[in-house]
Amino acid sequence: MGKILGVVNQKGGVGKTTTAINLAACLALEGLKVLLVDCDPQANASSGLGFQRDDNRHSIYDVLMGDASAEQVILPTQVDLLWLLPGSKNLTGANIELAAASDRAGRLRQALHPIQANYDLVILDCPPALDLLTLNALVAANSLIVPMQAEYFALEGISELISNLERVRAAFNPSVAIEGVLLTMYDDRTNLAQQVTETLREYFRERLYRTVIPRNIRLAEAPSHGKPVALYDARSRGTEAYFELAGEFLARNGIESPRSAERKAAAAIHPEKVDKSVRFWPYS
């Protein structure tokens, strides 16, 4: 059964949706079957994959309200092996409409359960708030990735997230945990970025990803073209960073992707064709 991974941070503007889109795309390009679920009323993950706002299209809102099954709503994307369960502005009302429901915290988990086995990984793009939508994602998720900038206020935000996560674990989902903290929009030329990185490394230790996502114009441009950065500019620093993140995520979970297996097999047959070029960013 596919793992459910939440991409969550209560603070906005930290690269959360960018990470959800591009990690999902890179894992799919590595040969895994991936479902991206857009849980945010802004529906930026949906538009970032080329699906503009359409009020007549079913979305995760209809699934949460019980008006459609997840299987009926899922859409194929431009990336083979990547599917989308789209978001909608109607999700804003879900916080109010679900408030009185006895199963309000478990609707998403119930909706994903019948289709979870169809995918190697389900990625949830959460809104930047601890509302009922994020609560549903935390209850459904097996583990979490927390993107954050290397700034002082980000440290305050993550401490609040950990506190809220403990409450969710006590009440709804005792197994959910932070799998990794990811530094985004990173500029290692500043002393502050380096200080925050060291603080996070002391606290999270191996849970802080070695991969960092740099500030990159291609990453910023790609959503306006409705594409993940790997399709928009395959040679950009942003693309390299998210493929590196995908590789680190797979290694942490003991998964060898189909493409990795193919590369190893090809290298064994033709070792002279192995790419031995050195990449300096962000791996030095």
Side-chain angles (χ1 to χ4, degrees), residues 2-17 19-21 24 35-48 51 53-55 57-74 84-116 122-148 156-179:
K3 181 175 185 173
I4 299 180
L5 176 71
V7 182
V8 59
N9 193 322
Q10 292 170 237
K11 190 175 186 299
V14 296
K16 178 175 50 57
T17 297
T19 294
I21 291 173
L35 173 65
L36 177 60
V37 183
D38 188 351
C39 303
D40 192 338
Q42 297 178 81
N44 288 335
S46 301
S47 61
F51 295 93
R53 179 172 294 176
D54 181 355
D55 294 336
R57 182 178 61 219
H58 282 309
S59 71
I60 185 64
Y61 169 79
D62 301 284
V63 176
L64 293 175
M65 293 298 108
D67 297 327
S69 69
E71 191 170 16
Q72 292 173 313
V73 178
I74 289 169
L84 173 72
L85 212 170
S88 163
K89 65 178 183 179
N90 294 329
L91 283 169
T92 303
N95 282 305
I96 300 171
E97 295 172 60
L98 288 176
S102 59
D103 61 344
R104 58 185 176 274
R107 288 285 183 97
L108 183 59
R109 178 166 61 183
Q110 294 166 17
L112 293 177
H113 183 73
I115 62 167
Q116 190 176 345
V122 179
I123 296 179
L124 312 177
D125 180 37
C126 304
L130 190 64
D131 54 13
L132 269 176
L133 296 173
T134 300
L135 178 60
N136 265 265
L138 294 177
V139 172
N142 302 121
S143 62
L144 308 171
I145 286 181
V146 182
M148 62 176 290
E156 290 187 338
I158 201 167
S159 64
E160 186 177 351
L161 173 63
I162 292 170
S163 176
N164 288 323
L165 181 59
E166 289 302 318
R167 296 189 183 97
V168 172
R169 292 181 65 180
F172 301 107
N173 185 2
S175 63
V176 67
I178 294 176
E179 174 162 320

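Please read all numbers here as calculations on a predicted model, not as lab measurements.
Side chain of Glu179 to backbone of Ile145: no donor-acceptor contact under 3.5 angstrom is found. Between the side chain of Asp67 and the main chain of Asp62, no donor-acceptor pair closer than 3.5 Å is present. A donor-acceptor pair under 3.5 Å links the side-chain atoms of Asn173 to the main chain of Ala141, judged by distance alone.
Put simply, the side chain of Arg109 does not reach to within 4.5 Å of the side chain of Asn136, judged on heavy atoms. Residues Gln10 and Glu160 meet the side-chain proximity criterion, which asks for heavy atoms closer than 4.5 Å. When side chains are defined from C-beta on, Arg53 counts as touching Lys89, because their heavy atoms get closer than 4.5 Å. Side-chain contact between Asn95 and Leu133 is present, with at least one heavy-atom pair separated by less than 4.5 Å. Counting heavy atoms from C-beta outward, Asn44 and Asp125 have side chains that stay 4.5 Å or more apart. A heavy-atom distance below 4.5 Å is found between the side chains of Gln116 and Asn142.
Scanning all heavy atoms of the two residues, the minimum distance from Phe51 to Leu84 falls at CD1-CD2, 3.5 Å. Considering all non-hydrogen atoms of both residues, Ala140 and Leu124 come closest at CB-CD1, 4.4 Å. In terms of heavy-atom proximity, Ala45 sits nearest to Ile21 at CA-CD1, 3.8 Å. Taking both residues in full, the closest heavy atoms of Gly106 and Val139 are given as CA-CG1, 4.3 Å, listed atom of the first, atom of the second, then distance. For the residue pair Ala137 and Leu108, the shortest heavy atom distance occurs at CA-CD2, 3.9 Å. Shortest non-hydrogen contact noted between Cys126 and Thr134 is CB-OG1, 4.3 Å.
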Go through the steps to decide whether Val14 and Thr19 satisfy the test side-chain contact (heavy atoms from CB on, under 4.5 Å), and finish with yes or no. CA-CA 9 Å; Val14 296; Thr19 294; over 6 Å; no
Determine, step by step, whether Leu165 and Leu144 satisfy the side-chain contact (heavy atoms from CB on, under 4.5 Å) criterion, reporting the C-alpha distance in whole Å, the side-chain angles of both residues, the deciding distance to 0.1 Å, and the verdict. CA-CA 10 Å; Leu165 181 59; Leu144 308 171; 3.8 Å; yes
Criterion side-chain contact (heavy atoms from CB on, under 4.5 Å) on Asn9 and Ile158, from CA distance to verdict: CA-CA 7 Å; Asn9 193 322; Ile158 201 167; 5.8 Å; no
For the pair Asp40 and Leu91, evaluate side-chain contact (heavy atoms from CB on, under 4.5 Å) and give the outcome as yes or no after the intermediate values. CA-CA 7 Å; Asp40 192 338; Leu91 283 169; 5.9 Å; no
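Leu98 pairs in a side chain to side chain contact (heavy atoms under 4.5 Å, CB included) with only one of the listed residues (Leu132, Leu135, Asp131), which is Leu132.
In this structure, CE on Met65 lies 9.5 Å from CD1 on Ile60, to the nearest 0.5 angstrom. Atoms CZ and CG, from Arg107 and Leu112 in turn, are 13.5 Å apart once rounded to the nearest 0.5 Å. Rounding to the nearest 0.5 Å gives a distance of 10.0 Å between CG of Leu64 and CD of Gln110. Note that CD1 of Ile178 and CD1 of Ile162 are 4.5 Å apart. Values are rounded to the nearest 0.5 Å.
The environment of CD in Glu71 is sparse: at most 12 heavy-atom neighbours from other residues, nucleotides or ligands sit within 6.0 Å.
Remark: the Ser46 side chain and the Asp38 side chain contain an N/O donor-acceptor pair separated by less than 3.5 Å.
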